[in-house]
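What you see is a predicted model, and the numbers here were worked out from it, not measured in a lab. Side-chain atoms are counted along with the backbone in the values below, which use heavy atoms only and exclude waters and symmetry mates.
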Amino acid sequence: MSAMCVEQTLIDVTTHRLTRSVTMCAAFIGGPLLSIAAIANNHPGKIGVMVLSFTATLLTFMTLSLASKRGIGAGDVRLAAVLAMFLGYLGAQYVVQGLALGFILGGVVALLLLIRRKANRNTRIAFGPYLAAGAVVTVISQSL
C-alpha cells in the first residue's frame, strides 16, 4: 500500500491525475494477498470487512464525485476504494479514520493556500496525496 501511495502522490502532484494501472495493480495483488493473510491468521471475517469497505467507499466517493462537479475525479474514487480495502483489513474504524484524515489534511492545506492567497476557489488541488497520507498515517499510528 505504501509504495502505491508514494507513486500515486508523485504522479498526482505533477499531473493532477491518478494512474489507473497503479491503483488497480495494488487492488488485484493486495486484495488476494490480504485475503490469504486473513485466512492464514484464522480471521476470515476480515475479508468481508475489506469487501464491504471497498464497496461502501466506492459508492460514497462516486456520489461525491458526481455532486462535486469535477472536484473529486475518477482517480480519487478508485484510490479511496482501494485504500479502504487495505484499511478494512485492520478494521472498519480504520477506514473511517484514514479517509477522514485525508479529507482533513486536504482541507487544511486548501484553507492555508486560500489564506496565503496562493489559491482561489477555482484552483485545482490534487486530492490523492491527502487520501494517501491519511491512510499511511492511520496504518502507522495503528501499529504503534
Side-chain angles (χ1 to χ4, degrees), residues 1-38 41 43 45-144:
M1 178 188 85
S2 296
M4 176 197 62
C5 288
V6 169
E7 185 172 0
Q8 290 291 51
T9 294
L10 294 174
I11 293 168
D12 201 12
V13 165
T14 58
T15 67
H16 287 274
R17 300 188 63 76
L18 290 164
T19 308
R20 178 181 296 132
S21 60
V22 173
T23 307
M24 294 296 97
C25 184
F28 290 127
I29 292 172
L33 288 176
L34 287 173
S35 297
I36 291 167
N41 290 311
H43 295 291
K46 288 185 175 194
I47 298 170
V49 176
M50 289 169 34
V51 170
L52 184 60
S53 298
F54 178 90
T55 305
T57 301
L58 183 67
L59 294 173
T60 301
F61 270 71
M62 285 174 74
T63 303
L64 290 172
S65 178
L66 291 171
S68 70
K69 296 181 183 178
R70 297 178 48 131
I72 295 176
D76 297 319
V77 173
R78 286 187 300 270
L79 179 64
V82 171
L83 291 173
M85 176 189 69
F86 280 100
L87 292 169
Y89 179 81
L90 300 175
Q93 70 271 23
Y94 297 105
V95 176
V96 174
Q97 181 180 338
L99 296 177
L101 186 56
F103 272 98
I104 292 167
L105 291 171
V108 167
V109 170
L111 183 61
L112 291 173
L113 290 171
L114 287 169
I115 290 170
R116 298 185 70 207
R117 300 197 192 287
K118 301 279 185 183
N120 60 42
R121 286 186 46 189
N122 298 321
T123 303
R124 293 182 62 208
I125 299 171
F127 186 44
Y130 304 107
L131 287 172
V136 170
V137 168
T138 299
V139 169
I140 291 170
S141 68
Q142 188 274 336
S143 63
L144 295 179

Which heavy atom of Pro32 sits nearest a heavy atom of Ala27, and at what distance?
CD-O, 3.8 Å
Would you mind telling me which of Val6, Thr14, Val13 makes a side chain to side chain contact (heavy atoms under 4.5 Å, CB included) with Leu10?
Val6
Distance (rounded to the nearest 0.5 Å) between Arg78 CZ and Arg20 CZ:
4.5 Å
Mind checking what makes side chain to side chain contact (heavy atoms under 4.5 Å, CB included) contact with Arg17, not counting sequence neighbours?
Thr15
May I have the list of side-chain donor-acceptor pairs in residues 125-144 shorter than 3.5 Å, sequence neighbours left out?
unit_1: Thr138; atom_1: OG1; unit_2: Gly98; atom_2: N; d: 3.4
unit_1: Thr138; atom_1: OG1; unit_2: Gly134; atom_2: O; d: 2.7
unit_1: Ser141; atom_1: OG; unit_2: Val137; atom_2: O; d: 3.1
unit_1: Ser141; atom_1: OG; unit_2: Thr138; atom_2: O; d: 3.0
unit_1: Ser143; atom_1: OG; unit_2: Ile140; atom_2: O; d: 2.8

Starting at CG of Leu79, measure out to CG of Leu18 and round the result to the nearest 0.5 Å.
5.5 Å
Side chain to side chain contact (heavy atoms under 4.5 Å, CB included) involving Lys118 - partner list, sequence neighbours excluded:
Leu113, Arg116
Pairwise ring-ring contact (aromatic ring centres under 6.0 Å, His included) hits with a residue in residues 64-97, at least two apart:
none
Hey, could you give me the CG/OG1 distance between Leu83 and Thr57, rounded to the nearest 0.5 Å?
9.0 Å
Can you name the residues that form a side-chain hydrogen bond (donor to acceptor under 3.5 Å, both in side chains) with Thr23, not counting sequence neighbours?
Gln8
ring-ring contact (aromatic ring centres under 6.0 Å, His included) pairs touching residues 105-126, sequence neighbours excluded, are none
Would Val109 and Leu105 satisfy side-chain contact (heavy atoms from CB on, under 4.5 Å), going step by step from the backbone distance to the final call?
CA-CA 6 Å; Val109 170; Leu105 291 171; 5.6 Å; no
Residues Val95, Val49; criterion side-chain contact (heavy atoms from CB on, under 4.5 Å); working and verdict
CA-CA 10 Å; Val95 176; Val49 176; 5.7 Å; no
Test of understanding: with side-chain hydrogen bond (donor to acceptor under 3.5 Å, both in side chains), list the residues that count as partners of Asn41, not counting sequence neighbours.
none
Partners of Thr123 by side-chain hydrogen bond (donor to acceptor under 3.5 Å, both in side chains), sequence neighbours excluded?
Asn120
Closest contact, heavy atoms only, Lys46 versus Ala38
CB-CB, 4.0 Å
Residues in side chain to side chain contact (heavy atoms under 4.5 Å, CB included) with Thr63, at least two apart?
none
To check you understand the geometry: which heavy-atom pair defines the closest contact between Ser53 and Gly88, and what is its length?
OG-CA, 3.8 Å
Sorted by chain and residue number, the side chain to side chain contact (heavy atoms under 4.5 Å, CB included) partners of Leu58 (sequence neighbours excluded) come out as Phe54, Met62, Val77, Ala81
Using 0.5 Å steps for rounding, measure from the CD atom of Glu7 to the CG atom of Asp12.
12.0 Å
Separation of Ile29 CD1 from Met4 CE (nearest 0.5 Å):
11.5 Å
Please report the interatomic distance CE(Met24) to OG1(Thr19), rounded to the nearest 0.5 Å.
11.5 Å
